[in-house]
**Student:** 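Supplied in structure tokens, the structure appears directly below.
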Amino acid sequence: MSKIISVRRRRVILGLGAGAGSLLLGGCDRLSNLPRTQSVLGSAQWLTRAVQRTLVSRDAVAPQFTRADIAPVFRANGTTDPNNTEYQSLAGDGFRDWRLRVDGLVESPKSFSLDDLRSMPAQTQITRHDCVEGWSCIGQWTGPLLRDVLARVIPKPRARYVMFFCADPMDGGGDYYYESIDMRTAAHSQTLLAYALNGETLPITYGAPIRLRLGRQLGYKMAKYVMHIQLVSSYRPFGQGYGGYWEDQGYTWYAGI
Ligand SMILES: Nc1nc2c(c(=O)[nH]1)N[C@H]1C(S)=C(S)[C@@H](COP(=O)(O)O)O[C@H]1N2
Ligand SMILES: [Mo]
């Protein structure tokens with residue numbers, strides 16, 4: 001319930017009335033307006049008592065929905081086809097030669113192929129994506145937990161943030177989309193590197209071959225087209241220094257919901 005309230009509050013802050021919002025929403029409108037009782041019941045079935053006790057903490061989990069709640073067409077936003085020839089050629093080959101580099105403040109930097117990630121234990125979650133623009137959309141995401149991937153490279157104690165560098169250049173210039181989260185969000189039980197949406201290989205539109213999926217943060221934190229993950233002690237040296245492409249334009253860094 002606190003989640004729904006905070007989403008409402010965010011809409012008020014943005015000055016988006018319900019009417020203005022629904023003009024923009026299309027197929028996801030119905031899903032974002034699920035009755036409050038339904039989402040609370042949905043989460044109660046899934047949460048353990050121990051987890052419920054921590055609902056207000058940073059480790060609180062987002063509600064899970066049912067297959068019936070999945071949007072028929074997931075809404076896309078931001079880049080939907082990176083303007084990047086290297087990315088396009090990797091995509092042309094089904095990402096066979098794509099490798100995810102994971103390095104920085106780690107004991108053992110590694111590169112993961114898509115098959116490496118697919119062979120790891122995976123989580124499937126039906127969760128709601130909330131965009132700062134005031135729309136929401138429910139989808140089913142599958143992929144390894146980020147914390148399991150990080151366990152393979154062994155973060156050093158000095159690592160405080162995880163940077164995600166993406167394939168899509170922004171504004172036609174040399175600035176690529178990027179994001180960052182802290183180690184606590186990286187270790188969250190719903191933080192995935194998703195390679196599938198609704199049981200299908202993740203389409204390019206939604207961030208193929210992998211995109212970040214977070215349970216409790218706004219859409220812009222969930223980097224699509226992730227090519228490189230780097231553990232760092234500070235995000236200040238990157239971009240304009242605010243931790244992500246949209247943060248550099250003035251959006252808040254933590255972006256909790
Ligand atoms: N690489 C990259 N990641 C991105 C974006 C983007 O433009 N490029 N847009 C962000 C925003 S604002 C949102 S709401 C979601 C949209 O994800 P979707 O297209 O799967 O709905 O991706 C986020 N991650
Ligand atoms: Mo967004």
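Keep in mind that what you see is a predicted model, and the values were worked out from it rather than measured. Each ligand, and each atom within it, is numbered from 1 in the order the structure gives.
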**Student:** Looking only at protein heavy atoms, which one is nearest to atom 22 (O) of ligand 1, and how far off is it?
**Tutor:** Arg211 NH2, 3.2 Å

**Student:** For ligand 1, indicate whether the residue Tyr225 contacts it via side chain, backbone, both or neither (heavy-atom separation under 4.0 Å).
**Tutor:**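 Answer for Tyr225: side chain.
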
**Student:** Mind running side chain to side chain contact (heavy atoms under 4.5 Å, CB included) on Val153 and Asp103 for me, showing each step along the way?
**Tutor:** CA-CA 8 Å; Val153 296; Asp103 59 16; over 6 Å; no

**Student:** Is there a nitrogen or oxygen of Arg75 sitting under 3.5 Å from a nitrogen or oxygen of ligand 1?
**Tutor:**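 Yes; at least one N/O pair falls below 3.5 Å.
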
**Student:** At under 4.0 Å between heavy atoms, is it the side chain or the backbone of Cys166 that contacts ligand 1, or both, or neither?
**Tutor:**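 Side chain only.
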
**Student:** Give the atoms of ligand 1, by number and element, whose distance to some non-hydrogen atom of Asp168 is under 4.0 Å.
**Tutor:** 1 (N), 2 (C), 6 (C), 7 (O), 8 (N)

**Student:** Return the residue, atom name and 0.1 Å-rounded distance of the protein heavy atom closest to atom 9 (N) of ligand 1.
**Tutor:** Tyr177 OH, 3.8 Å

**Student:** Yes or no on ring-ring contact (aromatic ring centres under 6.0 Å, His included) for Phe74 and His129, after CA distance, side-chain angles and deciding distance?
**Tutor:** CA-CA 10 Å; Phe74 199 83; His129 178 109; 5.8 Å; yes

**Student:** Is any side-chain N of the basic residue among Asp59 and Arg184 closer than 4.0 Å to the acidic one's carboxylate O?
**Tutor:** yes

**Student:** Are a donor atom and an acceptor atom from the side chains of Tyr178 and Asp248 found within less than 3.5 Å of each other?
**Tutor:** yes

**Student:** Does only the side chain of Met222 get under 4.0 Å from ligand 1, or the backbone, or both, or neither? Count heavy atoms.
**Tutor:**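 For Met222, the contact with ligand 1 is made by the backbone alone.
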
**Student:** Under 4.0 Å from a heavy atom of Gly78: give me the atoms of ligand 1 that qualify, with their elements.
**Tutor:** 7 (O)

**Student:** Can you sort out which atoms of ligand 1 are near Cys131, meaning under 4.0 Å from one of its heavy atoms?
**Tutor:**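 Reading through ligand 1 atom by atom, the close ones are 14 (S).
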
**Student:** Would you mind listing which atoms of ligand 1 come within a distance below 4.0 Å of any non-hydrogen atom of Tyr206?
**Tutor:**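 By the 4.0 Å cutoff, the relevant atoms are 20 (O).
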
**Student:** Would you indicate whether Gln249, at its atom CD, is surrounded by more than 12 heavy atoms from other residues, nucleotides or ligands within a distance under 6.0 Å?
**Tutor:** yes

**Student:** Between Trp135 and ligand 1, find which residue part has any heavy-atom pair under 4.0 Å and reply side chain, backbone, both or neither.
**Tutor:**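 It is the side chain that touches ligand 1; the backbone stays farther off.
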
**Student:** Using the six-membered ring wherever Trp is involved, compare the ring planes of Tyr225 and Tyr87 and label them parallel, tilted or perpendicular (cut-offs 30° and 60°).
**Tutor:**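 Geometry flag for Tyr87 against Tyr225: perpendicular rings.
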
**Student:** Please classify the His129 to ligand 1 contact at 4.0 Å (heavy-atom distances, strictly less than): side chain, backbone, both or neither.
**Tutor:**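 Answer for His129: side chain.
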
**Student:** For ligand 1 and Lys224, I'd like to know whether there is a polar contact (N/O to N/O, distance under 3.5 Å).
**Tutor:**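 In this structure, Lys224 places an N or O atom under 3.5 Å from an N or O of ligand 1.
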
**Student:** Would you say the side-chain atoms of Arg216 and Tyr254 include a donor-acceptor pair closer than 3.5 Å?
**Tutor:**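 No pair is found: no donor N or O on one side chain lies under 3.5 Å from an acceptor on the other.
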
**Student:** Would you say Phe74 touches ligand 1, if touching means a heavy atom closer than 4.0 Å?
**Tutor:** yes

**Student:** Do Arg128 and Asp130 sit within salt-bridge range, that is, some charged N less than 4.0 Å from a carboxylate O?
**Tutor:**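 A salt bridge links Arg128 with Asp130.
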
**Student:** Applying ring pair (Phe, Tyr, Trp, His ring centres under 6.0 Å) between Phe238 and each of Tyr176, Tyr177, Phe165, report the one that passes.
**Tutor:**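 When Tyr176, Tyr177, Phe165 are each tested with Phe238, the ring pair (Phe, Tyr, Trp, His ring centres under 6.0 Å) holds only for Phe165.
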
